[in-house]
Protein chains: 2
Amino acid sequence: MLPERFSAKNFDVAQIRSSCATCSLRELCLPVGLNDEEVETLGEVIVHKRKIQRGGYLHRTGAKFQALYAVRSGFLKTCVLEEDGRQQVTGFHMTGELLGLDAISTDMHTCDAVALEDSEVCEIPFSKLEDISRTIPSLMHHFHKIMSREIVRDHGIMLLLGSMKAEERLASFLLNMSRRFAIRGYSGTDFNLRMTREEIGSYLGLKLETVSRAFSRLQEDAIITVNNKHVKILNLERLKIKMGNSSCVT
Amino acid sequence: MLPERFSAKNFDVAQIRSSCATCSLRELCLPVGLNDEEVETLGEVIVHKRKIQRGGYLHRTGAKFQALYAVRSGFLKTCVLEEDGRQQVTGFHMTGELLGLDAISTDMHTCDAVALEDSEVCEIPFSKLEDISRTIPSLMHHFHKIMSREIVRDHGIMLLLGSMKAEERLASFLLNMSRRFAIRGYSGTDFNLRMTREEIGSYLGLKLETVSRAFSRLQEDAIITVNNKHVKILNLERLKIKMGNSSCVT
DNA sequence: CGCCTTTTTGATAGCCGTCAAATTTCGTGG
DNA sequence: CCACGAAATTTGACGGCTATCAAAAAGGCG
């Protein structure tokens, strides 16, 4: 059915399907630590990427769980909704990060995942991932590490929500963003936030006005400059001091 | 070397080592959903239980990760320490629950685990668990569910810490305790808390005085009675209303 | 260019943290 | 078994941080 030029001879099928092998995120994402052959195997079960435009949903609370998603490009948030309409943002997700881990427990997604800018994700059917991880121990182990890392991250946020005040929370948040941008090759001191003050506030357990005031305070102290969503970190060290010496939120 | 009566012929070795097969927690713990043969296999890798007396440490932050622990009896807390001495309790752990999941990510424990009463745990060497889970798909899947459930639980606590006020947090906490006691066959409306007001406060992001006041308030409203660590829930429905209609913390 | 959303900033109120002291409970040793 | 001291709990008074309400300014999208 496919035209001649797409036959296996001329075109690597694995690359059509997912191209883990050639993906620039190979060192950030699920394939970390796998050899070429193993990456190939993994790539074969991953469904071609799916696009979500800004504001669109990757999945909604209650939807049947079938696949994990790896962020290929873009930026997403996950949030749990309360009956009274309030939402709590549980995370922001950048390239190479895995979404949907919460859904394994009940076979249903327990949160909404919304794209904050046009995004692409790779779809990883979970049952297939479990299948092949039986034959690739390093993949299984790495997957366990990813889940564990999510737990550690959540504990860090619990610490933040349970014991920091507004300015410390924001400093912690900015340092976290900074580090994650830097890992991906972007500037860790000059970046654009994709989320609103309200979303930051929801994530940090603060009201949007409080977030705004905390931004202004950090700017008055000449630690950062803020112009709407554009943030420049002028003094990383002092930002770390503002955060307090509490355990780093990963 | 062993006296005759301990030879394999007279005594089931698997039972000496761990007795998953005969453990009363089989339906709460890691073996959920396994058949007899699989439980036997699992039981063979589990190291004989270890006792921790009240106040003792199961593990400390920074300790090398080698095994997960299943609570056999007793009650423990996990907490992360900040440099300035403050501690944030990240969880309370009852029989059948698994500890150490956070340590997989870095091969080091990221929190302290302390027994709040004399406790026993089964030690599950993690590398062996991964080995046998390759041959027992249902064990692997169940393990993934357990990790995922921990993530969902943490998200629930983030919601609590980020958006509830003191009385709602305490109500939520009491309902959670109630449910977990009930699952284990104890009364869900009449129980003794094992932790101090300070530990509850740390878990809920409140100061101990605030926890005490919230207890008093619930008692004034005739929703519960409190005598020190002894709690009776007089009106479950009204306690649920106090919590607000927010998503349940698991 | 104009409308709507987002952000900023101010004023005020309320919840919770802090400090303090009294009371009860618990653990240890006599 | 009782007594003593340390730890935990309760309760009050007060202050500070953040939420709330409000309005103006800035930015984004059609």
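Note on naming: letters A, B, ... go to the chains in the order of the sequence lines (proteins, then strands), and numbering restarts at 1 for each one. Atom set for the values below is all heavy atoms of this structure, side chains included, hydrogens, waters and symmetry mates excluded. None of the values given here were measured: they were computed from a predicted structure.
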Can you tell which of D:dA19, C:dC16, C:dT7 lies closest to the side chain of A:T210?
-> D:dA19
note: A:R217, atom CZ; C:dT8, atom C1'; distance rounded to Å ~ 14 Å
Taking the side chain from B:T90 and the backbone from B:T78, do they hold a donor-acceptor pair closer than 3.5 Å?
-> yes
Quickly work out the A:L208 CG to D:dT20 C1' distance and round it to whole Å.
-> 11 Å
Is the backbone N or O of A:L204 less than 3.5 Å from a side-chain atom of A:R169, with the two atoms forming a donor-acceptor pair by type?
-> yes
Hey, is A:E120 close enough to A:K51 for a salt bridge, meaning N to O under 4.0 Å?
-> yes
Atom CG of A:N227 and atom P of C:dT6 are separated, to the nearest Å, by 18 Å
Ring geometry between B:Y69 and B:H59 (parallel below 30°, tilted from 30 to 60°, perpendicular above 60°) | parallel
Phosphate OP1/OP2 of D:dT9: any B:K229 side-chain N/O under 4.0 Å | yes
Whole-Å distance between D:dA25 C1' and A:R197 CZ?
-> 14 Å
Rounded off to whole Å, could you give me the CD1-to-C1' distance for the A:I224 and C:dT8 pair?
-> 14 Å
Listed nucleotide nearest any side-chain atom of A:E209, set C:dC26, D:dA19, D:dC21 | D:dC21
Compare side-chain N and O positions of B:S212 against OP1 and OP2 of D:dT9 and report whether any pair is under 4.0 Å apart.
-> no
Would A:R197 count as a cation-pi partner of A:F215, with NZ or CZ less than 6.0 Å from the six-membered ring centre and within 45° of the ring normal?
-> yes
Just how far, in rounded Å, is P of D:dT18 from CE of B:M164?
-> 20 Å
To the nearest angstrom, how far is B:L161 atom CG from D:dT18 atom P?
-> 15 Å
Base, sugar-phosphate, or nothing for A:G205, non-hydrogen atoms under 4.0 angstrom?
-> sugar-phosphate
When the nearest nucleotide of DNA chain C is assigned to B:L206 and to B:R54 on a heavy-atom basis, which residue is associated with the more 5' position?
-> B:L206
When only distance counts, do a donor and an acceptor, one from the side chain of A:R213 and one from the base of D:dT20, lie under 3.5 Å apart?
-> yes
Round to a whole Å and report the spacing from CG of A:L193 to P of D:dG28.
-> 13 Å
Please determine if a side-chain N or O atom of B:K207 lies less than 4.0 Å away from the OP1 or OP2 oxygen of C:dT18.
-> yes
Short side-chain N/O contact to D:dT10 OP1/OP2 from B:S216, under 4.0 Å = no
